[in-house]
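Side chains are part of it too, since the values below use all heavy atoms of this structure and drop only hydrogens, waters and symmetry mates. Counting convention: from 1, in listed order, for ligands and their atoms alike. Residues: numbered from 1 along the sequence shown.
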Amino acid sequence: MTLTEGIVIRAGNGMYTVQANGHLVHCRLRGNLKKHFEYSISLSNSRRVTRAKHPHVADAIAVGDNVRFAETQRGSGVIEEILPRRSRFARQGFRGREQTVVSNLDQLMIVFACAEPRLDPWKLDRFLVAAEAADIEPVIVLNKHDLIDVDDLNRLIEPISDLGYKIITTSARDEHGVDPLRDALKDKISAFVGPSGVGKSSLLNCVQPGLNLQTSDIGYVTFKGKHTTTSSQLIPLLFGGWVADTPGLRNLELLELGFDELVECFPELRAHVGNCKFDDCRHESEPGCAIKAAVDSGSVQRRRYESLLVLAGEAKAK
Ligand code: GDP
Ligand code: ZN
């Protein structure tokens with residue numbers, strides 16, 4: 001049996017559209033593949049995906065997965081093998097199980113507006129932590145560049161660039177920064193996230209006219225009464241690369257992270273973690289806390305530290 005390699009570009013209701021050598025094949029999954037798949041995910045070597053607390057990853061294939069399939073007749077086939085994932089972006093699914101929303105995502109384009117709505121750094125931190133937790137590179141896109149003068153822009157950017165993240169400033173209005181944005185997207189699998197009203201749809205339409213039209217959310221309630229999503233898809237970029245359009249990514253939610261994992265999601269804190277006096281330091285009021293010392297000395301932004309405490313408090317409250 002000859003197997004062909006391809007990428008899953010649409011998934012829903014047990015059917016998968018696989019793109020291979022420029023054509024589309026509608027595939028179903030070989031019956032006993034799901035079992036194997038659970039196993040291979042739990043052995044994933046990603047930084048935080050291997051969380052021991054979540055051993056039961058019972059999801060199937062997601063868009064972005066690279067697969068091998070057998071073509072049974074022209075245009076249809078059976079997926080026989082799933083190739084190892086570089087990353088997986090998951091959400092809390094049915095019965096608290098994690099469900100992969102998109103696989104092999106290279107980057108999360110976190111879009112915020114420079115103004116209207118005003119950038120909320122606490123909200124930005126949540127998106128950054130979500131990207132870090134999934135081991136996916138965050139790229140911060142600051143849109144509506146046309147609404148702000150250069151001094152205000154610099155004031156906005158400074159504390160963010162201080163963290164070492166890549167920032168692209170754009171304007172869907174005058175197309176400032178659209179070329180650098182295209183360069184960043186080229187040949188990668190990306191997803192756009194961010195609060196509503198910041199210009200995600202407008203920006204996608206600048207990147208590639210018509211792109212925003214295809215990104216509408218479709219969700220429905222199945223006969224069992226549980227809310228599911230019909231389909232996720234990867235939308236091809238004409239200049240190379242893909243944009244993931246998956247309902248689950250829209251309402252980004254932070255999966256349960258342990259406290260230590262959460263701290264790891266703040267890159268500027270990583271270097272200090274091992275230096276606290278107590279191994280189980282919660283970085284609150286313990287003596288000899290290296291993180292508090294870094295905050296007090298000004299080398300770590302106090303607001304980011306407070307963001308950590310807020311998120312840790314939420315995790316505890318769950
Ligand atoms: P989304 O909810 O993130 O998809 O945001 P939309 O693309 O729907 O944009 C929200 C509003 O902001 C619309 O009225 C857009 O016309 C406007 N908008 C989007 N991008 C820009 C921009 O770069 N500059 C300005 N001034 N307005 C923008
Ligand atoms: Zn500490």
Next item on the list: Return the residue, atom name and 0.1 Å-rounded distance of the protein heavy atom closest to atom 5 (O) of ligand 1.
Entry: G199 N, 3.0 Å
Notebook entry, point to check: If you measure from the Lys or Arg side-chain nitrogens to the Asp or Glu carboxylate oxygens, is any gap between E80 and R30 under 4.0 Å?
Noted result: yes
Notebook entry, point to check: Are the charged groups of E116 and K144 less than 4.0 angstrom apart, N to O?
Noted result: no
Item checked: Heavy-atom proximity to atom 20 (N) of ligand 1, best of V178, L204, N143 -> N143
Next item on the list: Output the distance between atom CG (N66) and atom CD (E81), rounded to the nearest 0.5 Å.
Entry: 11.5 Å
Notebook entry, point to check: With under 30° as parallel and over 60° as perpendicular, where do the rings of F127 and F112 fit, or are they tilted in between?
Noted result: perpendicular
Checklist line | Minimum heavy-atom distance S190-L185, with the two atoms named | finding: OG-CD2, 3.4 Å
Notebook entry, point to check: How far is atom 27 (N) of ligand 1 from its nearest protein heavy atom, and which residue and atom name does that atom have?
Noted result: R173 NH2, 3.3 Å
Margin query: Among residues at least two apart in sequence or on other chains, which ones pass side chain to side chain contact (heavy atoms under 4.5 Å, CB included) with D152?
Written below: I148, D149, R155
Next item on the list: Quick one: look at T170 and ligand 1, take heavy-atom pairs under 4.0 Å, and tell me if it's side chain, backbone, both or neither.
Entry: neither
Note to self: Please enumerate all residues that pass side chain to side chain contact (heavy atoms under 4.5 Å, CB included) together with A172, with sequence neighbours excluded.
What the structure shows: N143, S202, L203, C206
Notebook entry, point to check: For atom 4 (O) of ligand 1, what is the nearest protein heavy atom, given as residue, atom name and distance?
Noted result: S201 OG, 2.5 Å
Check: What protein heavy atom sits nearest atom 10 (C) of ligand 1, and how far off is it?
Finding: G197 O, 3.6 Å
Check: Who's the nearest protein heavy-atom neighbour of atom 18 (N) of ligand 1, and how far?
Finding: K144 CE, 3.7 Å
Next item on the list: Give me the one residue out of D135, D106, D65 that meets salt bridge (charged side-chain N to carboxylate O under 4.0 Å, His left out) with R86.
Entry: D106
Margin query: Using 0.5 Å steps for rounding, measure from the OH atom of Y305 to the CG atom of D296.
Written below: 8.5 Å
Check: Among all protein non-hydrogen atoms, which one is nearest to atom 3 (O) of ligand 1, and what is the separation to 0.1 Å?
Finding: K200 N, 2.8 Å
Item checked: Per-atom contacts, ligand 1 versus L147 - under 4.0 Å to a heavy atom -> 26 (N)
Notebook entry, point to check: V198 heavy atoms, cut-off 4.0 Å: which ligand 1 atoms fall inside?
Noted result: 3 (O), 5 (O)
Margin query: Does R28, at its CZ atom, have more than 12 non-hydrogen atoms belonging to other residues, nucleotides or ligands within less than 6.0 Å?
Written below: no
Next item on the list: Show which atoms of ligand 1 fall inside a sub-4.0 Å distance from at least one heavy-atom site of S202.
Entry: 6 (P), 7 (O), 9 (O), 15 (C), 19 (C), 20 (N)
Note to self: Under 3.5 Å, is there a donor on one side chain and an acceptor on the other for R88 and S103?
What the structure shows: no
Checklist line | Minimum-distance protein heavy atom relative to atom 23 (O) of ligand 1 | finding: A172 N, 2.7 Å
Margin query: F192 and side chain to side chain contact (heavy atoms under 4.5 Å, CB included): which single residue from V198, L204, I110, L108 fits?
Written below: L204
Next item on the list: Could you tell me whether K188 and E137 make a salt bridge, using a distance below 4.0 angstrom between a side-chain N and a carboxylate O?
Entry: no
Item checked: Any N or O of L203 closer than 3.5 Å to N or O of ligand 1 -> no
Notebook entry, point to check: Counting no waters, what protein N/O/S atoms lie under 2.8 Å from the Zn ion (ligand 2)?
Noted result: C276 SG, C281 SG, H283 ND1, C289 SG
Notebook entry, point to check: Can you name the residues that form a side-chain hydrogen bond (donor to acceptor under 3.5 Å, both in side chains) with E286, not counting sequence neighbours?
Noted result: none
Check: Which ligand 1 atoms, with their elements, are less than 4.0 angstrom from a heavy-atom of S171?
Finding: 23 (O)
Item checked: Any non-hydrogen protein atom less than 4.0 Å away from atom 14 (O) of ligand 1 -> no
Notebook entry, point to check: Which ligand 1 atoms, with their elements, are less than 4.0 angstrom from a heavy-atom of D146?
Noted result: 22 (C), 23 (O), 24 (N), 25 (C), 26 (N)
